[in-house]
Amino acid sequence: MADPWRFSCQGLFVWTERDLKARIELNMAQYNPQKIELKWRKKWEKEKRWNVNLKRASASRRKPYYNLMMFPYPSAEGLHVGNVYAFTGSDIHGRFRRMQGNDVFEPIGYDAFGIHSENFAIKKGIHPRILIKRNTKNFERQLKLLGSLFDWDHAVDTTQPEYYKWTQWIFLQLYKAGLAYRAKASVDWCPSCKTVLADEQVINGKCERCGTEVIQKELEQWFFRITKYAGKLLKNLDWIDWSERTKIAQRNWIGKSEGALLNFKVQDTKYTIEVFTTRPDTLFGATYMVLAPEHALVDQVKDQIENLDEVEKYRKAAKKKNELERTELAKEKTGVELKGIKAVNPANKEEIPVYVADYVLASYGTGAIMAVPAHDQRDWEFAKKYNLPAVQVICQNYPEKICPVLKEAYVGLGHLVGSGQFDGTPNEKAKWAITKFVKGKKTAKYHLRDWLISRQRYWGPPIPIVYCAKCGSADSPQAIPVPEKDLPVELPYVKNFRPEGTGKSPLASVKSFVHTKCPKCKGPAERETDVSDTFLDSAWYFLRYPSTRSARSGKAPFEKELTKKWLPVDMYIGGQEHAVLHLLYARFITMVLHDLGLLEFEEPFKKFRAHGLITKEGAKMSKSKGNVVNPDEFIEKYGADTVRMYLMFLGPFTEGGDWSDKGIIGVYRFLNRVWEYLPELRSRLLNDKKRFENWKNDSGVSFRTEPETKIVLSQSIKKITDDLENLKYNTAISQLMILLNSFLKEPEIDQHGSRELGGGKLIERADFEKFLILLAPFAPYITEELWEQLGNKGSVHDQPWPKYDAKKIQQERMKLVLQVNGKVRDVIEVDAALGESEAKRLILQNEKVQKYLAGKEPKKIIFVPGRLVNIVV
RNA sequence: GCCGAGGUGGCGAAAUUGGCAAACGCACUAGCCUUAGGAGCUAGCGCCGCAAGGCUUGUGGGUUCGAGUCCCACCCUCGGCACCA
C-alpha cells in the first residue's frame, strides 16, 4: 500500500520524499469550493450516498433515526435563506446522529398545493401546474447544492395524484369516523383570495396570506371535529419533548377555561337560556343577560318581543360588520334590550332584563352570558352605558364588611357578600358550591374551534364527496363519500383557474368534473367542487415519506412495517410560525389515525425544536423592503460549506440571527485556513520528525508533557459534542476556530529537538483527522476532500464521532484568581490540585494583594477550588 | 390588556449556571509583505485617564465574600393572542 502517511514509532508519521512532493503540489492549490463541491456532489448523487435501506435498517446495530425538517413550499423566487438556515441546522443534526451510529433517514419534499402558489400563478398568468413544476425543479437544483443527507428517492410532492389520493383517503377516514361534517356557519371569507379561511388563518381580522380584511359569510362548509381532541391535544403537551415556547403557544391556542353551565329560565315561556361562565361564584351579582345577535332564542320568542323592529335592525347591522369592526378594541359596546322578555336569576329568583349585544360572540361558550357588572369589566362598561345596576358580591375586605365603592369591575379574589347562604365563603370555593346549588354543570370550554377545511379554490385536492338528489332530496342532496377504490378524485386541468368570488370553486364551472354518478344509487349526481385546505396536505406528509417506494405504496398511504420501524419522527425542526397551524393539525390527524387503529402512536413528533428567524439589518426579509438575501449568489461565491457555516455561526440556532454580507468572509477565511493547514501539517510533520530523531538520539529523553493542543482537542470534542446535542451550533463553530488556531499556534520543534527543555510538542496526524471529523457535519464537502487528500480510505462521514479523554481536559496547571473584597487583584498560575491552605498562603504572600490589604487583618478567606481565593477585609 | 422572548463593546454575539464580563467572528487602527489589493501575516481594539488607577451587562433598590446570572419595583424592544364570559 502506497500510503505515504505510514505510521511510525512514537506516534510520528513518515513518508517518502516523492509522495510528499506530489501531495504538496496538489495541496498548494488554492481552496476552490466550487470545484470540490461539484466533485463530491456528483459522486454522492451517483452513489445515492446518503440513502438508507429503510427495510433493512436494523435496530440491532445502527438505530433508525428519522430526522425531519418542515418541507418547503416551492416558491418562484427559489430557496429562501430562511429555508437554507432551517435545512442546514436540521442536516447538521442528522449528520451528527449518523456519525454517532444511527441510520439516519432525512427526507425532503414539496408542499406545493395552496393559495400562495395559486395567487402567484394568477398574478403571472401561468397555470399553477406548469409553474409548480418549474419551481420544484429549481428548488431541487438548489437543495442539492446544500450538501444535505436528503434521500431523493423518497421525495414527496403533495400535488401528485399518488400523494393526494391519500389526502382524500384521510378525509374519508375522518368522515367515516364522524369527524368530518358539513355545516352552515358564519365563516371568515377573504374577498381578495375569494375563499373561506380557517380560524387559524385569520390574523387580527385579516387574511394570513394577503392581508385583506376578512368578512363574514354564511356558507355550507366542511369541518373537521378537532375540538373533540382538544383535551388530548392539551394533555399530551405535558409529556412531549418540544420547545417550551411552542407548547405554550399551543396551550394558549387551545385555550381551556374551567367553568360552569348554568340555566336561566325565561319568564312566561318554555325556554331557558344556558350560559357558560368561569365565575359561577358571582351568580348573585348577575343583573342582566346578553345574547349574541345570532342566538336562536331571539327567533323563538319573537312574538313576545315588544321592540322586535329595533332588535332585528340591530341584528342585521351586527351581521354586516366584519370581525375587525366587531372586535375593535376602543369600540364602545352597543346592544338592544329585548323588551317584554325577562329571565330569572336561578340563585336569587330575581327577574332580570335580557339584551342582544355584539360583544357576546356566538362562537364561544353558549353564545349567551350572564352579566355581572361588578366583577367583569366588559359588563361594567355595558351596564354603565345602559344604566343597569351593579351588585357587588365579592368583597376583598371580608370580614370587615365594608367594601370599597367600585370605580371599575373588581375581578380579584375575595369572600362572598350579598349571596344569601354563601356569604363569607371564599370565592374560589363558592364557585362549585353555587353551581351545585342551582343544578348547574361543571365543564370546560376551549378556545379551539373546529377546523374549517373547505376552500373555494382550484389548486388543491378535491374533497371526495358526491351530492345525490335522489338519495337525499332536491332541496338537500345527500352527501355521499366517494368509495376508496375510486380515489383519487383527480384535479382536472382547468384553463380558467381564477376564483370567481361567487362562493364556489372554479371547479364548479367544469361540467365534466361536476357531473358524475352517485356511488350509492348510480343515478346522476354532482361532485363537491371545493378543495381541501393545504394544511391537510402537510398534516400527514411525514407518514408518507418512508413508504413512497414500497411495493404497496399504491395500496396504502403508509406501510405498516416501515411505519413501525421509522415513526414517530425522532427529531423535527421547523419554524415557530407553525406552532399553532401545521403542528396542531399534524398532531390531530395523527391522533385520529391512532384512534382508528392505523397508527401505534398518538404523537407524531417525539422531539420538536423551533429554529429562529434570519433577519437582515434587524428586519424581517421581504421583497417589498428589498432586503432579501439570495443564497445562490453566496453559494456561488463562497461555496455551500461557507454558507452553511456562516448561517450557523450567526447566533444560537433556536434564536436566529442577522445576516451580514460582510460577516460571511470570516467563515470563508476559516475554511481557507483549514485548507492551507494540510501542506503545512505535512512539512511540519517531516521537520518535527527529523528534529525529533536528532534530539532523541542526543538526549535519550522521552516526551513528558502533553502538548497544549492535545488539551484543547479534548476540550473541543467535549464542547462541540455538547453543543451539537443542544443545537448550539454557533458556539460549536467558535470552538472549531479555537481548535484550528491552537494547531496553528503550536510551535514547531526547534533544532534542539524541543521548544522547551524536556517538553516535546508535536501535532499528530490523528489530531487533525479528529478536527476534520468534528468539522464534517458543518462543512461536508471540504472535510471529505481533505480526508481523501490525507490518503485515507473511505469517507470522513463514515467515521465514528470522536471520544474525548476526560483526563486531558483537566490541565495540570491552572490560573488561580486572587481577589480582595470580590475584586480581582491578580491571577497566578498554580498546580491544578492546589489545596485550600496552600492557596491561602499564596494569596497572603502575593505582592499586589498585600498592597490592597494595606496591613488590615483579613476577616475571612474564601477558597473556591479550581477557581479563586477571595480575602474579605 | 394577557401570554412569551429579549435588552451585554461600533456590529453579530460568548460567559461551564453565583466566581477573571466581552470567548469566537465582523468592522476598525498600526506595521510587515506585495507592482498592486476588497489577498495574506503580526499586533492592538469596552469606556475614562499621560499614567497609577477607576468605571462598565436597560434603570433603581436588595440578597451575597462575590451578581450579566438570584429577589423586588420600573422602563424599553420584538413576537403571539386579544370583547373567549
Side-chain angles (χ1 to χ4, degrees), chain A residues 30 203-205 244-249 251-253 255-257 259-260 275-280 282 286 290 292 326-329 331 333 357-361 363-372 375-379 381-382 445-449 576-577 579-580 612-613 615 617-620 646 649-652 654-655 657-667 669-670 672-673 676 715 718-719 722 728 730-738 741 744 809 815-827 858-864 866-873:
Chain A
Q30 274 197 331
I203 315 288
N204 288 330
E244 205 48 45
R245 285 180 62 192
T246 314
K247 290 211 255 183
I248 289 165
R251 274 195 197 103
N252 289 345
W253 188 260
K256 184 178 182 176
S257 347
V275 302
F276 173 72
T277 178
T278 54
R279 297 296 305 273
T282 64
V290 185
R326 267 184 80 160
T327 60
E328 194 93 325
L329 194 69
K331 199 201 70 172
K333 291 178 178 37
D358 64 5
Y359 81 94
V360 171
L361 308 173
S363 52
Y364 187 77
T366 61
I369 61 154
M370 64 177 211
V372 185
H375 303 292
D376 183 287
Q377 190 57 31
R378 294 154 299 178
D379 297 345
E381 284 161 24
F382 190 82
K445 288 277 174 210
Y446 297 91
H447 168 110
L448 186 72
R449 302 192 198 166
Q576 174 69 20
E577 70 272 19
V580 291
L613 194 72
T615 55
E617 276 125 41
K620 211 171 155 172
Y646 177 58
F649 187 57
L650 282 175
T654 49
E655 276 159 51
D658 198 64
W659 173 281
S660 146
D661 291 357
K662 275 186 184 163
I664 194 169
I665 194 79
V667 167
R669 281 182 193 143
F670 167 72
N672 265 290
R673 280 200 290 272
E676 273 151 25
Q715 286 171 339
K718 179 174 178 3
K719 170 95 178 127
D722 292 350
K728 288 181 158 178
N730 57 330
T731 47
I733 291 169
S734 90
Q735 190 63 40
L736 284 164
M737 290 171 169
I738 290 168
N741 289 347
L744 293 169
I809 290 175
K815 283 171 184 168
L816 185 73
V817 173
L818 306 181
Q819 294 185 335
V820 178
N821 285 336
K823 298 218 170 196
V824 182
R825 293 309 174 187
D826 203 3
V827 181
K859 276 189 203 139
K860 205 165 79 176
I861 303 177
I862 290 140
F863 174 66
V864 184
R867 285 198 207 276
L868 56 79
V869 208
N870 185 18
I871 300 188
V872 189
V873 287

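Chain letters run A, B, ... following the sequence lines, proteins first and then strands; every chain starts at 1.
- Backbone-only engagement by A/I738 is indicated by non-hydrogen atom pairs under 4.0 Å involving sugar-phosphate atoms exclusively.
- Judged by Watson-Crick or G-U wobble contacts below 3.5 Å, the nucleotide B/rC74 has B/rG58 as its partner.
- Listed pair A/K728 / B/rA13 fails the phosphate criterion, with no side-chain N or O lying under 4.0 Å from OP1 or OP2.
- Base-pair partner of B/rU34: not found among the strands shown (Watson-Crick or G-U wobble, both distances under 3.5 Å).
- In this structure, B/rG53 and B/rC48 make a Watson-Crick or G-U wobble pair, each of the two defining distances being under 3.5 angstrom.
- Going from atom CG of A/L868 over to atom P of B/rU64 covers 19 Å, rounded to whole Å.
- From A/L736, atom CG reaches atom CZ of A/F649 across 10.5 Å, with rounding to the nearest 0.5 Å.
- A/Q735 contributes atom CD, which lies 7.0 Å from atom CD of A/Q715 (distance to the nearest 0.5 angstrom).
- Mapping A/V827 and A/A368 onto RNA chain B by nearest heavy atom places A/V827 closer to the 5' end of the strand.
- For A/K728, the NZ atom sits in a loose shell: 12 or fewer heavy atoms of surrounding residues, nucleotides or ligands are nearer than 6.0 Å.
- Here the nucleotide nearest the side chain of A/P652, chosen from B/rA14, B/rC41, B/rG19, is B/rA14.
- Among the heavy atoms of the strands lying under 4.0 Å from A/L650 are primed sugar atoms or P, OP1, OP2 only; no base atom is included.
- Comparing A/K823 and A/K860 by the nucleotide of RNA chain B that holds the closest heavy atom to each, the one mapping nearer the 5' end is A/K823.
- Taking atom C1' in both B/rA52 and B/rC71, one finds a spacing of 38 Å when rounded to whole Å.
- Interatomic distance, CD1 of A/I738 versus NZ of A/K719, reported as 8.5 Å (0.5 Å rounding).
- Comparing B/rU17 with B/rA73, their P atoms sit 28 Å apart, to the nearest whole Å.
- On the C1' atoms, B/rU35 is 36 Å away from B/rC24, given to the nearest whole Å.
- Between the CZ atom of A/R449 and the P atom of B/rC81 there is a distance of 13 Å, given to the nearest Å.
- Here B/rA85 presents its P atom at 14 Å from NZ of A/K333, a figure rounded to the nearest Å.
- Comparing atom distances between the A/V872 side chain and each of B/rC3, B/rA13, B/rC65 picks out B/rC65 as nearest.
- The residue A/R245 sits close only to the backbone: its heavy atoms come under 4.0 Å of sugar-phosphate atoms, none of a base.
- OP1 or OP2 of B/rA85 has at least one side-chain nitrogen or oxygen of A/S257 nearer than 4.0 Å.
- Base orientation of B/rG66: anti, since the glycosidic angle falls outside 90° of 0.
- Nucleic acid contact class of A/K859 (heavy atoms, under 4.0 Å, all strands): none.
- Using a 4.0 Å cut-off, no side-chain N or O of A/N870 falls inside it from OP1 or OP2 of B/rU64.
- Atom pair A/Y359:OH and B/rA82:P shows a separation of 20 Å (rounding to whole Å applied).
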How far apart are the C-alpha atoms of A/Q819 and A/I862, what are their side-chain angles, what is the distance that settles it, and do they pass the side-chain contact (heavy atoms from CB on, under 4.5 Å) test? CA-CA 9 Å; A/Q819 294 185 335; A/I862 290 140; over 6 Å; no

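- With rounding to the nearest 0.5 angstrom, the CG atom of A/N730 is 12.0 Å from the OH atom of A/Y646.
- Residue A/V824 has its side chain nearest to B/rC20 when only B/rC20, B/rC81, B/rG25 are considered.
- Distance CZ/A/R673 to CG/A/L744: 7.0 Å, rounded to 0.5 Å.
- A syn orientation is assigned to B/rU17, its glycosidic angle lying within 90° of 0.
- Between B/rC28 and B/rC11, the distance separating the two C1' atoms is 11 Å to the nearest Å.
- A/N730 comes within contact range of the sugar-phosphate backbone alone, with a heavy-atom separation under 4.0 Å but no base atom that close.
- Between A/R669 and B/rC26 there is a side-chain polar atom (N or O) within less than 4.0 angstrom of OP1 or OP2.
- In a base pair of the Watson-Crick type (N1 to N3 plus N6-O4 or O6-N4) or a G-U wobble (N1-O2 and O6-N3), with each distance short of 3.5 Å, B/rG79 is matched with B/rC3.
- Comparing atom distances between the A/R867 side chain and each of B/rG25, B/rU17, B/rA13 picks out B/rU17 as nearest.
- Residue A/Q735 contributes atom CD, which lies 11 Å from atom P of B/rA15 at whole-angstrom precision.
- Among the heavy atoms of the strands lying under 4.0 Å from A/V817 is at least one base atom, whether or not backbone atoms are also near.
- Separation of the P atoms belonging to B/rG31 and B/rG37 is 13 Å when rounded to the nearest angstrom.
- Between A/D379 and A/Y359, some side-chain heavy-atom pair lies under the 4.5 Å cut-off.
- Closest contact between the side chain of A/H447 and the listed nucleotides B/rC20, B/rA85, B/rA82 involves B/rA82.
- Annotation: B/rC45 and B/rG10 have their P atoms spaced 15 Å apart (nearest Å).
- Using a 4.0 Å heavy-atom cutoff across all strands shown, A/D379 reaches no nucleic acid atom at all.
- Between the C1' atoms of B/rA5 and B/rA85, the separation comes to 29 Å (whole Å).
- Between B/rA67 and B/rG12, the two C1' atoms lie 25 Å apart (nearest whole Å).
- Contact annotation: side chain of A/K662 to base of B/rC11, donor-acceptor pair absent below 3.5 Å.
- Rounded to the nearest 0.5 angstrom, A/N870 CG and A/F863 CZ are separated by 12.5 Å.
- Atom CE in A/M737 sits about 15 Å away from atom P in B/rA13, given to the nearest Å.
- Taking 3.5 Å as the limit, the base of B/rG19 and the side chain of A/Q819 contain a donor-acceptor pair of atoms between them.
- The nucleotide B/rA27 finds no pairing partner, because no Watson-Crick or G-U wobble arrangement with both distances shorter than 3.5 Å includes it.
- The side chain of A/W253 lies closest to B/rA82, out of B/rA82, B/rA85, B/rA15.
- The side chain of A/S734 has B/rA23 as its nearest neighbour among B/rG19, B/rA23, B/rG25.
- When distances run from any side-chain atom of A/I248 to the nucleotides B/rG4, B/rA85, B/rC24, the shortest one goes to B/rG4.
- The CD1-C1' distance, from A/I665 to B/rA27, rounds to 13 Å in whole Å.
- Whole-Å rounding puts the A/E655 CD to B/rG79 P distance at 16 Å.
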